[in-house]
Structures are given as structure tokens and as C-alpha cells.
Amino acid sequence: MRTSRTRRRAGAVLLAAALSWSAAACSVVPTGRSTVVEDRDQGNPLDPPYARVIAMEPNPSWTPEQVVTGFRAAMASIGDVRYAAARRYLTDDFAARWKPETGVTVYQPAPSVTAPLAEGATEARVTLKGAVTASIDQDGQYRPRGGTLDELFTLVKGPKGWRISAGPDGLLLSQADVERAYEPVDLYFLDTKRQGLVIDRVQMPVDPASTLAKTTVERLIKGPSGSLRGAVETAFDTGTGLIDVTTENNRVVVDLTEGVPADRAAAMSAQLAGTLSKLAGGSSFEVRVNGEPYRSGVPLYIDAQEHLRFDRWMAAVDAAPYYLQDGALRVLGKENVGGPVPGGAGREYTGSPAAAPAISGSAPRHVAAVSEDGRRISVAPLTPDGQWEQWTVGNDLVPPSWDRYDSMWTVDRTGPQTSVVLRQYADDRRQYRVAAPELDTVEVTALKVARDGVRVAVAVKDGTGEKVMIGAIVGDRADSRIGNLQIAMDGDEKQTIEDIAWKDGTALYVLTGKSELFEASLIAEPSQSIPSPPGIRSIAALNKNNSLLAGVEDDDGKLQVLYWDGDTWEPQVKDEKGAAVLGGDGPAFPAFPLG
């Protein structure tokens with residue numbers, strides 16, 4: 001079975017890394033006390049080995065700066081759930097008031113600054129400095145962020161030496177501390193229709209008193225993090241407890257205190273299979289209740305790939321890309337040779353030739369296109385008799401996006417710095433205004449719904465520039481709203497966002513006006529991960545081997561669709577002879593279903 005992280009490698013590497021960290025942490029601490037490193041490997045595939053640094057006791061001879069350094073190291077001690085060792089560095093009064101549970105500030109440390117001490121002084125001040133890189137909230141949500149760390153600690157001298165009498169709440173951990181003491185896990189929850197799965201990535205503190213598998217399932221049962229609260233559901237009933245997660249006969253056994261109703265058993269199975277898939281490494285599962293077969297002596301077995309069967313968009317989807325050429329919508333076929341889609345869209349494309357179409361995910365698929373003047377969105381079913389019909393009329397509409405349940409999304413920019421989010425359903429054509437208070441007073445330039453049907457990405461322009469935000473869709477029809485919006489990629493006055501495309505349920509590609517390609521998410525720093533081709537105008541992506549397409553225009557005005565093979569950009573659309581198709585009227589603006 002696979003381990004789930006580089007940090008959980010075999011002992012020698014872990015031990016060396018931990019000792020290296022220990023030496024750095026103790027560089028200002030007298031050497032009479034050594035940091036102890038444990039490397040546990042019980043041979044349990046559900047509990048990979050880890051490195052643990054045991055916190056030192058404060059020494060009466062230490063200086064104020066050494067006490068703050070020791071306190072920082074003690075905050076990173078795994079397994080000390082009450083932070084008893086860290087509290088020994090505090091006065092009794094501050095130890096009672098200190099609240100480590102308020103969250104984690106992750107930073108790159110710089111040398112501490114100690115105010116000059118007069119001879120015989122009984123009070124001192126130490127400033128901990130550094131660059132803030134991220135935060136982890138109480139739900140385990142990791143959020144990259146910048147800023148300067150400048151935290152003041154006040155210390156007093158007593159019979160046992162210097163102790164901290166005042167300082168910030170929460171934990172202050174270096175990036176190395178987090179990589180050693182936390183484990184990123186993907187929790188699987190249900191969309192509100194309980195037909196699809198949504199991934200919620202959280203940072204789990206390593207618990208030496210339990211296995212990683214057990215703490216992960218306990219966190220799953222607890223419910224989603226704040227970014228998805230109200231937008232997803234779970235199959236587990238409130239009050240359900242976990243007894244243990246073990247292995248038996250090459251099967252992972254999850255023992256619960258109670259089961260779920262029969263109509264939720266498949267959803268619960270998918271949640272468990274997805275959440276434990278990386279740890280289980282291909283093993284199947286069994287769910288028991290109080291150590292007994294699941295229901296009336298009948299065992300509940302779960303296939304290792306149950307989550308992929310429950311939600312087809314979780315697996316790598318084999319969907320052909322669409323694109324514009326010769327004034328019509330085409331679809332790529334065998335040997336990368338394209339042909340017109342059936343119906344009216346394959347004869348004439350009524351949308352803007354400078355904006356990508358949106359393709360729905362369900363059969364029969366529909367194409368939606370915004371007009372060149374931005375005042376209308378028309379839709380056509382991709383069937384032999386499908387014809388274009390006008391769906392939406394507005395003042396200045398952004399290109400549309402479909403969700404997995406065949407509702408179409410757009411934004412009407414009704415005035416300067418004023419945006420109205422609209423949602424329209426295919427079954428009855430009814431249109432609803434979506435509550436999105438954070439978007440009311442900005443200019444939305446793009447909106448894309450992720451394939452999980454819950455997350456939504458928006459590119460917005462305000463007085464500080466353009467940025468990309470990710471939020472969650474809560475509710476349906478008249479009760480629809482976009483909530484929990486957070487910045488995934490901040491911009492400046494000179495940066496423009498040209499296009500966005502979801503890579504998977506947690507990350508998306510961002511194309512800037514400088515023709516730079518970034519990968520943005522709520523769990524990692526934006527990075528220029530892919531070199532962009534010259535003349536790039538648009539992007540499209542699909543969770544099939546990380547498929548990424550780009551619509552480009554060369555210096556002669558000829559258009560082509562390129563695909564990223566992992567090293568270079570190659571032409572995607574070919575003719576019957578295998579030659580790349582180039583033209584002034586396409587191929588252009590590639591699009592995947594639910595892109």
C-alpha cells in the first residue's frame with residue numbers, strides 16, 4: 001500500500017530530517033538537553049511512520065530569547081494535545097489565558113529581536129519576526145497568504161527563570177513544522193442532491209495516540225470545513241461515532257457505532273472509499289456496526305473504486321473537446337480530426353467569435369453562447385434537430401457556464417462596478433437571481449462552475465486590480481446563493497485576467513493579460529507552473545490526465561488549438577492527412593463539457 005506523503009517515508013530519511021530540524025531549533029539552546037526524535041513504524045499501512053520531536057523543558061539559565069525559541073519549538077510537538085509542554089514556558093496566569101486552538105500562523109522565521117536588558121531586570125521583551133506564508137484555521141483549512149510576522153512576547157523573571165507573561169494566541173509554526181506535524185487529507189462529501197462528491201482538503205494534525213486512518217474518518221464524520229459549510233451534505237447521522245479503522249484479510253474495516261438508512265448506504269460507501277483511497281492503496285472496505293456485520297448479520301462490502309462509480313466526474317472523464325471553426329461549432333473525433341456537431345450549432349455559431357462556448361455535461365448536451373454585443377445568451381441542443389433559442393437578455397453578460405445539473409450561469413454587469421449573478425434552468429427555462437453580496441459592487445469578468453457542481457470561481461475587477469476568488473454554491477433555484485468567497489489569486493492594478501478553467505475540484509488554471517499561465521487554488525500558492533504558448537487567447541481543461549488546451553493566434557492571424565503534453569505545446573486539431581489545421585477562422589476557443 002502507498003504512503004500518502006513525502007514526510008512519511010522510511011525511517012532514515014525522516015530521522016535525518018528531524019535531527020536537522022532539531023539542530024536548527026536548538027542552536028540558541030544550551031546543549032545539556034537534547035531533542036528526542038521518534039520514528040515509529042508498526043508495519044500498519046493505515047498508519048505510516050512519522051517523525052516526532054519531543055519538547056524540551058525550559059532551563060532556569062536560559063535567556064529571554066532562548067525561552068521564546070523553546071516555546072516556539074514546543075508548539076510544534078506532536079501528540080501534546082493540551083500543549084502542556086508549551087505552557088511550561090508561560091506564567092501561570094498566561095498559561096490559563098493562552099488559546100492555542102484559535103488557529104495556526106505559518107511563517108518563515110527570521111532572527112528574534114530582544115530589547116536590551118538592564119542589569120538585574122525582571123521584565124523583558126522579545127519580538128519574533130518572519131514572513132507569514134499561510135494560516136490553518138480550526139477546521140484544518142490551509143490558506144496561503146502573505147504578510148510580515150512581528151509578534152511581541154513579554155517575559156518576567158521568577159524563581160524558575162524567565163517565563164512568558166504575554167503573547168499572541170494561536171500557534172506559530174514554521175513551514176517545516178507544518179510539513180512534519182500535519183497531514184493533508186481529502187475528505188469526500190456529498191452535494192445537496194446527494195448524487196455527486198465534493199472534495200474538502202484539510203490539514204490533519206498527526207496524533208501519535210491514534211492511526212491516521214482513524215483520525216481521518218473521525219474528521220470526515222465531524223463534517224465539512226467552513227469553506228463548504230451549507231453547500232455540501234454527509235450520509236452520516238449526527239451522533240455517529242467511530243470505534244476503529246483496522247485491516248483484516250487485506251480489507252480495510254471501518255467499525256461505526258451506528259449505520260445509516262438503506263437509501264444512504266451507497267453515498268456513505270462512496271464517502272468512505274474516496275476519503276480512505278490514498279491510504280488503502282487499492283484495498284476494498286467493509287463497514288461494521290459495533291463490531292458486528294453491518295445490518296442483521298449481512299456484511300456491507302465496499303469496492304476500492306466505489307467513489308469513482310458513484311460519481312463519474314470523479315474519474316478521468318473521456319470527453320472530446322469542442323471548438324469554433326468556420327463560423328460553427330465542431331467536435332474533435334478520431335485521429336484528432338474534427339467535424340461539425342449535429343443541429344443548428346454545427347451550421348452556424350450565433351455567439352461572439354471572441355468568446356468560448358459553454359458545453360453542458362448531460363445528454364443531450366447543449367451549447368450556450370454569448371452574443372458579440374454581450375446582450376444575449378442563446379442555447380442549442382446538440383441533436384440533429386436542435387436549433388438556437390434565446391435564453392437570457394441583459395446589459396453586459398459574461399460568457400456562460402453550465403453546472404452538472406443543467407443550470408446555466410452568467411453575470412450581468414448592469415453598471416460600473418455592479419454585477420448580478422443569474423442562474424437559469426434547462427428543464428423550465430426559469431431564471432433566478434443568485435444572492436452574492438460580495439460580488440454586487442465589483443465587476444465580474446468571468447464565472448466558471450467546477451465539475452463538482454458546488455465550487456465556483458470568479459474573476460473580479462475592483463479598485464485594486466483583478467483577482468480570482470473561489471466560493472461555494474449554496475441552495476437551489478430561488479434560494480441560490482454564492483458564499484464563502486475567498487481569494488485564490490490576488491492581483492494588482494497592472495494585471496488582467498483573460499480566462500479561467502477548472503483543473504479539478506480544488507484547483508484551476510488562470511490566464512493573465514500578460515499571457516502567463518498560473519495554477520490557483522485555496523490550498524497552495526499561485527505558481528507559474530506551465531509555460532504559455534505565444535499568442536494564447538483562451539484555455540480549457542479536463543480532469544483526464546490533466547488535459548489542458550489553449551486557443552492561440554500566430555503573427556499572421558491564423559488560429560489553432562494546442563494541447564500541453566507535459567513538456568511542450570502541440571497542435572491538437574488535424575486534417576484527414578494528419579497535418580495541423582491553421583486558419584483565420586479557426587480552430588479557436590476550445591471547450592470541454594462543464595469547462
Undergrad: Roughly how far, to the nearest 0.5 Å, is the CG atom of Leu197 from the CG atom of Asp452?
TA: 9.5 Å
Undergrad: With rounding to the nearest 0.5 Å, note down the distance linking CZ in Arg365 to CG in Asp406.
TA: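 Reported value, rounded in 0.5 Å steps: 10.5 Å.
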Undergrad: Does Thr392 use its side chain to pair, donor to acceptor, with the backbone of Ile377 at less than 3.5 Å?
TA: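 No.
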Undergrad: Does any pair with a residue in residues 567-583 pass salt bridge (charged side-chain N to carboxylate O under 4.0 Å, His left out), and if so which ones, sequence neighbours excluded?
TA: none
Undergrad: Go through the structure and list residues passing salt bridge (Lys or Arg N to Asp or Glu O under 4.0 Å) with Arg423, not counting sequence neighbours.
TA: Asp403, Asp476
Undergrad: Does Gln560 reach the main-chain N or O of Val581 with its side chain, forming a donor-acceptor pair under 3.5 Å?
TA: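 Yes; judged by distance alone, with no hydrogens or angles, the pair exists.
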Undergrad: Ignoring hydrogens and geometry beyond distance, is a side-chain donor-acceptor pair present between Asp504 and Thr506 at under 3.5 Å?
TA: yes
Undergrad: Given Val449 and Arg404, is the side chain to side chain contact (heavy atoms under 4.5 Å, CB included) satisfied, shown in steps?
TA: CA-CA 9 Å; Val449 181; Arg404 65 186 298 160; over 6 Å; no
Undergrad: Taking atom types as modelled, is there a side-chain donor on Asp412 or Thr414 under 3.5 Å from an acceptor on the other?
TA: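 No - no donor-acceptor pair under 3.5 Å links their side chains.
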Undergrad: Test Val367 against Trp388 for side chain to side chain contact (heavy atoms under 4.5 Å, CB included), laying out the working first.
TA: CA-CA 9 Å; Val367 55; Trp388 288 102; 3.7 Å; yes
Undergrad: Looking only at atom types and distance, does a side-chain atom of Arg413 sit under 3.5 Å from a main-chain N or O of Val444, one as donor and one as acceptor?
TA: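 Such a contact is found between Arg413 side chain and Val444 backbone.
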Undergrad: State, with a plain yes or no, whether a side-chain heavy atom of Leu149 is found less than 4.5 Å away from one of Leu172.
TA: yes
Undergrad: Any side-chain to backbone donor/acceptor pair from Ser352 onto Val370? Under 3.5 Å, distance only.
TA: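 Side chain of Ser352 to backbone of Val370: no pair is present.
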Undergrad: Scan the side chains in residues 328-338 for donor-acceptor partners under 3.5 Å anywhere in the protein, sequence neighbours excluded, and list what turns up.
TA:
| residue | atom | partner | partner atom | Å |
| --- | --- | --- | --- | --- |
| Arg330 | NH2 | Gly338 | O | 3.3 |
| Asn336 | OD1 | Gln572 | NE2 | 3.3 |

Undergrad: Quick one: closest heavy-atom pair of Ile470 and Ser521, and the distance?
TA: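 In terms of heavy atoms, the two residues are closest at CD1-CA, 4.2 Å.
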Undergrad: I want to check something: taking the side chain as every heavy atom from C-beta on, are Leu485 and Val458 in contact at a cut-off of under 4.5 Å?
TA: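 SC-SC contact between Leu485 and Val458 confirmed.
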Undergrad: Which is it for Asp177 and Val104 under the side chain to side chain contact (heavy atoms under 4.5 Å, CB included) test, yes or no, and what are the steps along the way?
TA: CA-CA 11 Å; Asp177 292 334; Val104 178; over 6 Å; no
Undergrad: What residues, two or more places apart in sequence or in another chain, satisfy salt bridge (Lys or Arg N to Asp or Glu O under 4.0 Å) together with Asp440?
TA: none
Undergrad: Quick one: does Leu228's side chain get under 4.5 Å of Arg455's, heavy atoms only?
TA: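 The answer is yes, as the side chains (C-beta and beyond) meet within the 4.5 Å cut-off.
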Undergrad: Working to the nearest 0.5 angstrom, can you tell me the gap between Leu173 CG and Tyr107 OH?
TA: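 Between Leu173 CG and Tyr107 OH, I get 8.0 Å after rounding to 0.5 Å.
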Undergrad: What is the minimum heavy-atom distance between Val454 and Ala231, and which atoms define it?
TA: CG1-CB, 3.7 Å
Undergrad: In terms of heavy-atom contacts, does CG of Asp555 have more than 12 from other residues, nucleotides or ligands at under 6.0 Å?
TA: no
Undergrad: I'd like to know if the side chain of Thr410 reaches the main chain of Pro400, judged simply by a donor and an acceptor atom lying under 3.5 Å from each other, with no hydrogens or angles considered.
TA: no
Undergrad: Should the ring pair His366 and Trp391 be called parallel, tilted or perpendicular, given that the plane angle runs from 0 to 90° and is split at 30 and 60?
TA: tilted
Undergrad: Taking the side chain as every heavy atom from C-beta outward, state whether Leu220 and Gln271 have any pair of such atoms under 4.5 Å apart.
TA: yes
Undergrad: Between Trp409 and Val434, does a side chain to side chain contact (heavy atoms under 4.5 Å, CB included) hold up when you go through it step by step?
TA: CA-CA 9 Å; Trp409 294 72; Val434 178; 3.7 Å; yes
Undergrad: Between CD of Glu306 and CE of Met314, what distance do you get to the nearest 0.5 Å?
TA: 13.5 Å
Undergrad: Which heavy atom in Gly230 sits nearest to a heavy atom in Val474, and how many Å separate them?
TA: O-CG1, 3.3 Å
Undergrad: Which atom pair, heavy atoms only, marks the closest approach of Ala588 to Tyr323?
TA: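 Looking at all heavy atoms of both residues, the closest pair is O-CB, 3.5 Å.
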Undergrad: Taking the side chain as every heavy atom from C-beta outward, state whether His307 and Leu276 have any pair of such atoms under 4.5 Å apart.
TA: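 SC-SC contact between His307 and Leu276 ruled out.
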Undergrad: Would you check if the side chain of Arg451 reaches a backbone N or O of Pro593 as a donor-acceptor pair within less than 3.5 Å?
TA: yes
Undergrad: Going by an N to O cut-off under 4.0 Å, is there a salt bridge joining Asp191 and Arg194?
TA: no
Undergrad: Let me confirm one number: the OH-CD1 distance from Tyr509 to Ile539, rounded to the nearest 0.5 Å.
TA: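 Between atom OH of Tyr509 and atom CD1 of Ile539 there are 9.0 Å.
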Undergrad: Tell me every residue that passes side-chain hydrogen bond (donor to acceptor under 3.5 Å, both in side chains) with Lys461, counting only those two or more places apart in sequence or in another chain.
TA: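 Residues passing side-chain hydrogen bond (donor to acceptor under 3.5 Å, both in side chains) with Lys461: none at all.
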Undergrad: What distance do Gln203 atom CD and Asp137 atom CG have between them, rounded to the nearest 0.5 Å?
TA: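 Reported value, rounded in 0.5 Å steps: 10.5 Å.
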Undergrad: What are the two closest heavy atoms between Tyr563 and Pro571, and how far apart are they?
TA: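 Shortest heavy-atom contact: CE2-O, 3.5 Å.
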Undergrad: Test your reading of the model: is there a side-chain donor-acceptor pair from Gln138 to the backbone of Gly103, 3.5 Å cut-off?
TA: no
Undergrad: Is there a side-chain contact between Pro353 and Leu324 in this structure, where contact means two heavy atoms from C-beta onward sitting under 4.5 Å apart?
TA: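 No. Closest side-chain heavy atoms not under 4.5 Å.
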Undergrad: Classify the ring geometry between Trp564 and Trp569 as parallel (under 30°), tilted (30 to 60°) or perpendicular (over 60°).
TA: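 Tilted.
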Undergrad: For the residue pair Ser227 / Gln486, report whether a side-chain donor-acceptor contact shorter than 3.5 Å exists.
TA: no
Undergrad: Looking at Ser225 and Asp139, would you say the former's side chain and the latter's main chain have a donor-acceptor pair under 3.5 Å?
TA: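 Between the backbone of Asp139 and the side chain of Ser225 there is no qualifying donor-acceptor contact (under 3.5 Å).
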Undergrad: Examine distances only and state if a side-chain atom of Ser378 and a backbone atom of Ala369 form a donor-acceptor pair shorter than 3.5 Å.
TA: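 Not a single qualifying donor-acceptor pair exists.
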Undergrad: For Asp186, which residues count as a salt bridge (Lys or Arg N to Asp or Glu O under 4.0 Å) partner, sequence neighbours excluded?
TA: Arg201, Lys278
Undergrad: Is the backbone N or O of Ile487 less than 3.5 Å from a side-chain atom of Lys467, with the two atoms forming a donor-acceptor pair by type?
TA: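 Pair absent, no side-chain N/O of Lys467 close to backbone of Ile487.
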Undergrad: Check Leu548 against Ala541 and note the closest heavy-atom contact, atom names and distance.
TA: CD1-CB, 4.3 Å
Undergrad: With the side chain counted from C-beta on, respond yes when Ile136 and Val202 share a heavy-atom pair under 4.5 Å apart, and no when they do not.
TA: no
Undergrad: Check whether the side chains of Asp499 and Ser538 place a donor and an acceptor atom closer than 3.5 Å, and report yes or no.
TA: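 No pair is found: no donor N or O on one side chain lies under 3.5 Å from an acceptor on the other.
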Undergrad: In the structure I gave you, are the side-chain heavy atoms of Leu212 and Glu183 within less than 4.5 Å of one another anywhere?
TA: yes
